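Encoded as structure tokens, the structure appears first; notes follow it.
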Amino acid sequence: MIMLIPYMQRASKLLIPHKFISSIRLYNSFASQLSPTFHAFSNVDSVVSALITAISTCSSISYCRALHCRVIKSVNYNHGFIGDQLVSSYVELGCTKDALELFDELPDKDLVSWNSLISGFSRRADLGICLGLLFKMRFEMGLKPNEVTVIPVVSACAGVGELDVGKCIHGIALKSGMLLEVKVVNSLINLYGKCGCLEAACCLFEGMSVQSLVSWNSMVAVHVHMGLAEKGIGYFIMMRRAGINSDQATVVSLLLACENLGVRKLAEAVHGYILNGGLDGNLAIATALLDLYAKLGILSDSCKVFGEMINPDAVAWTAMLSSYAMHGRGREAIEHFELMIREGVLPDHVTFTHLLCACSHSGLVEEGKNYFKIMHKVYGVELRVEHYSCMVDLLGRSGHLNDAYKLIKSMPIEPNCGVWGALIGACRVRGNIELGKEVAERLFSLDPSDSRNYITLSNMYSAAGQWRDASKVRALMKQRVLIRNPGCSYIEHGNKIHCFVMGDQSHPDTERIYNKLEELVRKNREVGFASKTEYVLQDVDEEVKEDLINKHSEKLAIAFGLLVTNAGMPLIITKNIRICGDCHGFAKLISLIEKRPIIIRDTKRFHHFTNGLCSCGDYW
DNA sequence: TTAGGGTTAG
């Protein structure tokens with residue numbers, strides 16, 4: 001038996017989010033009559049139904065335990081499947097131990113009880129427990145799984161990318177004739193799609209006698225998730241031609257496709273579609289839209305979408321927080337987080353990932369350290385490996401490399417590539433070759449196929465003038481058949497994405513672009529800007545270095561943008577790697593000289609250049 | 001059964 005009394009006593013002292021107050025009131029109106037004289041109460045079913053409603057909507061562990069206590073005192077576990085509901089809520093709230101203990105205690109467990117437990121662990125993407133339960137149910141209890149059992153297990157496989165296990169479940173479903181059930185096939189489409197087997201997903205889809213809206217949605221979603229946005233949109237068009245009306249899941253996938261393609265015009269078109277269909281009040285759609293605008297560089301539109309939301313939930317608050325973080329607005333991110341807490345919305349592990357990241361990107365070391373310290377103590381959010389990555393980044397980037405290293409050594413969980421990656425990044429910024437070399441060795445053994453590790457180490461050697469060591473690392477890369485993708489910059493103009501690589505001469509307007517660039521370089525020199533040739537990581541003469549750096553892809557994109565857009569219009573440029581220090585300084589001055597806001601997005605975040613300054617405060 | 005927020009390194 002789980003000890004519930006202390007939790008009951010504590011529950012009354014804890015803050016319960018306001019959105020659950022209505023269900024608590026509903027429960028309380030009955031609970032006031034739940035006493036030792038309960039048997040005199042005439043409508044037991046009403047009490048059970050009120051308890052079930054309260055249990056199913058409860059988001060606080062302590063409150064759930066208090067309700068559990070009331071169940072023990074008042075009704076039978078089997079009454080109206082109240083025991084199953086308690087188990088589900090415990091799983092949902094992350095109390096997996098309590099859920100499994102209670103499940104063991106439940107008398108007369110049937111297929112529904114097992115299915116609801118498996119489904120709960122599937123939502124937590126805990127495939128191990130799902131499989132254990134499936135095995136126990138089948139071979140110890142002799143219960144035959146049905147469609148409702150199989151679907152969440154397949155979904156859990158998709159969630160963690162376990163294709164082989166998923167294939168076994170596919171086999172079981174096939175043998176049991178479950179493939180006639182549309183929902184089972186849909187879950188399999190999702191599994192194969194998410195695991196990168198698009199051919200298998202398409203084959204299942206085409207083999208269906210009738211495709212449901214979810215089948216179409218799955219096809220759109222899996223293609224978009226695999227980075228094949230155009231194909232995803234193609235399925236959307238086919239779906240419309242087949243006379244199927246889209247729903248919110250379709251629209252969310254379309255918004256993700258826009259993000260994938262990075263085309264603002266398309267995003268605006270989908271936004272129009274959302275407004276026409278009256279879908280703007282949908283929280284999932286509004287959140288995806290907010291996130292999309294932020295990723296396209298238009299933070300003001302993200303703020304607008306968030307401001308228009310009615311009762312934003314934790315995901316929406318977190319999306320806005322991540323937008324601030326992405327745009328280097330650390331202080332605003334913190335204010336937003338504090339407001340979220342005051343509004344009674346509970347932060348989760350993703351919220352803290354972004355909050356720590358916001359602190360890291362803005363150099364708010366003390367604030368970040370404090371949130372890291374209290375996130376579990378005050379908010380009950382468990383520390384995950386990604387939180388450690390953010391902290392290592394925060395400490396390392398701000399120059400506390402030893403503290404970052406000590407933190408890794410003290411981790412209660414195994415540090416992964418992300419954690420070591422954050423440290424090597426900090427070593428590069430701080431020019432600590434000794435530690436960088438050690439970290440690189442760890443990364444090489446953890447993932448020998450990730451070319452970034454080799455490139456970072458080689459660049460560290462080059463920046464220190466250790467050309468021989470740099471070339472040795474490059475040779476190792478060659479030996480392991482790893483290639484380096486060239487850095488490129490993109491800019492949208494006239495319904496087209498224009499892409500530039502360093503020294504690019506393939507654009508039809510090349511001559512004009514180079515003339516403009518020459519003019520910009522000259523203007524920069526006139527105001528005293530000296531090229532930072534230390535960012536050229538090749539062993540060549542100073543003059544050649546200057547020539548190379550002046551042809552960097554972001555400079556070409558800036559020159560092109562200035563040529564084709566009207567005065568005063570902001571330039572929005574996307575880079576596939578981080579902007580170099582020289583281009584950063586160049587963009588700052590151009591924003592001042594040409595009176596143009598310039599926004600440059602690298603793989604994850606934005607630099608806003610205005611009037612000679614950058615939003616990152618030169619801290620990146 | 002599908003869909004919204006995910007950090008860190010070129």
Side-chain angles (χ1 to χ4, degrees), chain A residues 147-148 150-152 154-155 158 181-191 193-194 212-222 224-225 246-256 282-292 294 312-323 325-326 348-358 360-361 384-394 396-397 416-429 436 439-440 443 450-460 484-487 537 575-578 580 602-605:
Chain A
E147 289 90 347
V148 187
V150 158
I151 292 167
V154 172
S155 176
E181 175 62 55
V182 175
K183 288 180 183 177
V184 174
V185 184
N186 289 343
S187 70
L188 287 166
I189 290 175
N190 186 42
L191 165 80
K194 285 216 178 119
S212 70
L213 169 61
V214 176
S215 320
W216 283 99
N217 280 349
S218 302
M219 291 305 282
V220 177
V222 296
V224 173
H225 276 289
S246 51
D247 71 354
Q248 55 182 45
T250 331
V251 177
V252 167
S253 290
L254 287 180
L255 290 168
L256 292 174
N282 179 283
L283 203 51
I285 291 178
T287 307
L289 193 60
L290 174 171
D291 185 55
L292 170 65
D313 62 4
V315 177
W317 278 93
T318 305
M320 193 61 237
L321 175 59
S322 111
S323 306
M326 201 185 290
D348 65 10
H349 65 105
V350 185
T351 318
F352 277 100
T353 304
H354 292 298
L355 183 62
L356 295 175
C357 183
S360 167
H361 289 175
R384 298 188 178 209
V385 74
E386 56 267 33
H387 301 125
Y388 282 96
S389 294
C390 293
M391 276 313 283
V392 169
D393 182 56
L394 175 101
R397 205 193 291 269
N416 64 2
C417 291
V419 177
W420 290 114
L423 188 58
I424 201 174
C427 290
R428 187 193 60 82
V429 173
V439 178
L443 283 163
D450 190 341
S451 59
R452 288 176 305 172
N453 302 328
Y454 303 84
I455 295 164
T456 310
L457 181 64
S458 161
N459 285 353
M460 281 175 77
R484 179 190 177 160
N485 294 326
L537 302 170
K575 258 210 98 175
N576 67 339
I577 53 172
R578 294 183 73 194
C580 94
D602 64 18
T603 41
K604 298 281 174 197
R605 58 180 172 271

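Please read these numbers as outputs of a predicted model, since none were measured by experiment. A, B, ... follow the sequence lines: proteins, then strands. Residue 1 opens every chain.
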Compare the minimum distances between each of [options] and the side chain of [X], then state the nucleotide with the smallest one.
X	options	answer
A/Thr318	B/dT2, B/dT1, B/dG5	B/dG5
A/Ser389	B/dA3, B/dT8, B/dT1	B/dT8
A/Ala422	B/dT8, B/dA9, B/dG4	B/dT8
A/Ser218	B/dT2, B/dG10, B/dA9	B/dT2
A/His361	B/dT8, B/dA3, B/dG5	B/dT8
A/Arg452	B/dT7, B/dA9, B/dG4	B/dA9
A/Arg605	B/dT7, B/dG4, B/dT8	B/dT8
A/Asp313	B/dT8, B/dG4, B/dT2	B/dG4

Item to complete: Under the side chain to side chain contact (heavy atoms under 4.5 Å, CB included) rule, collect the residues that match up with A/Asn186, sequence neighbours excluded.
Response: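 With neighbours one apart ignored, the set is A/Val182, A/Ile189, A/Met208, A/Ser212, A/Val214, A/Ser215.
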Discussion item. Strictly below 4.0 Å: does A/Arg397 bring a side-chain N or O up to OP1 or OP2 of B/dA9?
Written reply: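 A/Arg397 to B/dA9 OP1/OP2: side-chain N or O found under 4.0 Å.
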Item to complete: Taking only the side-chain nitrogens and oxygens of A/His354, find out if one of them lies under 4.0 Å from OP1 or OP2 of B/dT8.
Response: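 No, outside the criterion.
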Worksheet entry | From A/Leu213 atom CG to A/Asp247 atom CG, the distance as rounded to the nearest 0.5 Å |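 Atom-to-atom, A/Leu213:CG and A/Asp247:CG are 4.5 Å apart.
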Practice prompt. Grab the CG-P distance between A/Leu256 and B/dT2 for me, whole Å please.
Written response: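 Checked: the CG to P distance equals 15 Å.
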Discussion item. Considering every strand and a 4.0 Å limit on heavy-atom distances, what is the contact class for A/Lys194: base, sugar-phosphate, or nothing?
Written reply: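 A/Lys194: backbone/sugar contact only, no base atoms under 4.0 Å.
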Worksheet item: Is A/Asp348 side chain donor-acceptor paired with the B/dG5 base, going by distance under 3.5 Å alone?
Response: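 Present.
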